[in-house]
A.B. asks: 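Here it is, the structure, as structure tokens.
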Amino acid sequence: MPGISTTTGLVSGINTKDVIDQLMALEAAPKDALQKRVDSVNQQKLAFADLSASLVSIKLFGTTIKKAQTFGAAKTSTSDENVLTATASNGAAIGSYQFQVARLVTTQQAVSQGFSDISTRVGAGTLTIEQGGGEITAPTALSQLNGGQGIQRGLFRITDGSGHSSVIDISNAINVDDVLKKINTSLDINVKATVSGDQIKLTDNTGLTTAAFSVTDLSDGHAAADLGLAGVAAAAGVITGGDINYLGRSTNLNSLND
């Protein structure tokens with residue numbers, strides 16, 4: 001028995017669905033073309049927006065580099081931020097710097113002369129604050145010794161009467177107390193260093209004469225010689241160095257009178 005197909009006409013047998021779809025596509029062609037133009041314009045709009053942002057960045061960069069302080073700015077870095085940090089201001093000198101810790105900070109107090117009446121005001125005038133250092137216990141800087149010529153830092157060897165020796169390194173010493181501490185804390189020798197007048201005195205506490213008690217410079221240095229100790233013969237277990245604290249042409253006037 002014959003039947004009716006849903007994809008063909010009732011009598012003609014034409015595929016009406018495809019015909020209708022094609023007609024609809026023809027009708028929609030202008031709309032699709034317009035949509036493509038809209039998409040193209042939107043892409044151009046995005047491209048112009050990106051270009052505008054790039055131009056703004058270039059403008060800001062140009063504004064920055066035309067300022068003189070831009071080229072004067074400096075940054076700092078340190079090998080160990082737990083020990084030392086630094087900041088650099090505009091115009092700071094470019095370079096690499098090394099620091100050696102001479103001693104740890106200690107507490108300090110400043111005491112005024114006092115007033116007979118605590119209610120009395122200081123009043124008009126000049127208030128002068130000066131740094132201390134004139135006390136008799138102030139350490140003598142190595143740079144003040146030998147008439148202001150100072151001490152050439154380096155290594156020297158001390159040999160005590162028992163034959164034991166120790167290399168003393170005063171490369172980072174700042175004052176005479178630092179030198180004495182280097183010698184007195186050496187565990188390889190039994191020698192006591194003290195100051196006697198304008199000289200450094202070394203005392204051999206071994207009580208032995210197995211070896212000659214002596215001081216010699218190392219590595220072509222002059223540290224012991226500048227300290228007045230090199231080549232000095234011991235007498236009864238004591239080496240008394242030459243005078244190293246005296247005035248000279250290089251002595252600064254501000255180092256006089258302590």
A.B. asks: Please determine whether side-chain contact (heavy atoms from CB on, under 4.5 Å) holds for the pair F156 and V167, giving the CA-CA distance in whole Å, both sets of side-chain angles, and the decisive distance to 0.1 Å.
C.D. replies: CA-CA 6 Å; F156 58 90; V167 175; over 6 Å; no
A.B. asks: Measure across F213 and L202 and return the closest heavy-atom pair with its distance rounded to 0.1 Å.
C.D. replies: CE2-O, 3.7 Å
A.B. asks: Verify the distance criterion only: is there a donor paired with an acceptor across the side chains of D226 and Q152 at less than 3.5 Å?
C.D. replies: no
A.B. asks: Say whether, by atom type as modelled, one donor and one acceptor occur between the side chain of T185 and the main chain of K181 under 3.5 angstrom.
C.D. replies: yes
A.B. asks: Look at the side chain of T78 and the backbone N and O of L84, then say whether any donor-acceptor pair between them is shorter than 3.5 Å.
C.D. replies: yes
A.B. asks: Any donor and acceptor pair, going by atom type alone, linking the side chain of N245 with main-chain N or O of L145 inside 3.5 Å?
C.D. replies: no
A.B. asks: Please check: side-chain N/O of S52 versus main-chain N/O of F48, any donor-acceptor pairing under 3.5 Å?
C.D. replies: no
A.B. asks: At their closest point, which heavy atom of D169 faces which heavy atom of N172, and how far apart are they?
C.D. replies: O-OD1, 4.5 Å
A.B. asks: Please check if the number of heavy atoms outside R153 that lie under 6.0 Å from its CZ is greater than 12.
C.D. replies: yes
A.B. asks: Between S57 (side chain only) and A53 (backbone N and O only), is there a donor and an acceptor less than 3.5 Å apart?
C.D. replies: yes
A.B. asks: Kindly say whether Q149 contributes a backbone atom to a donor-acceptor pair with the side chain of N146 at under 3.5 angstrom?
C.D. replies: no
A.B. asks: Would you call K17 and D21 a salt bridge, taking side-chain N to carboxylate O under 4.0 Å as the test?
C.D. replies: yes
A.B. asks: Under 3.5 Å, side chain of D217 to main-chain N/O of A224, donor-acceptor pair present?
C.D. replies: yes
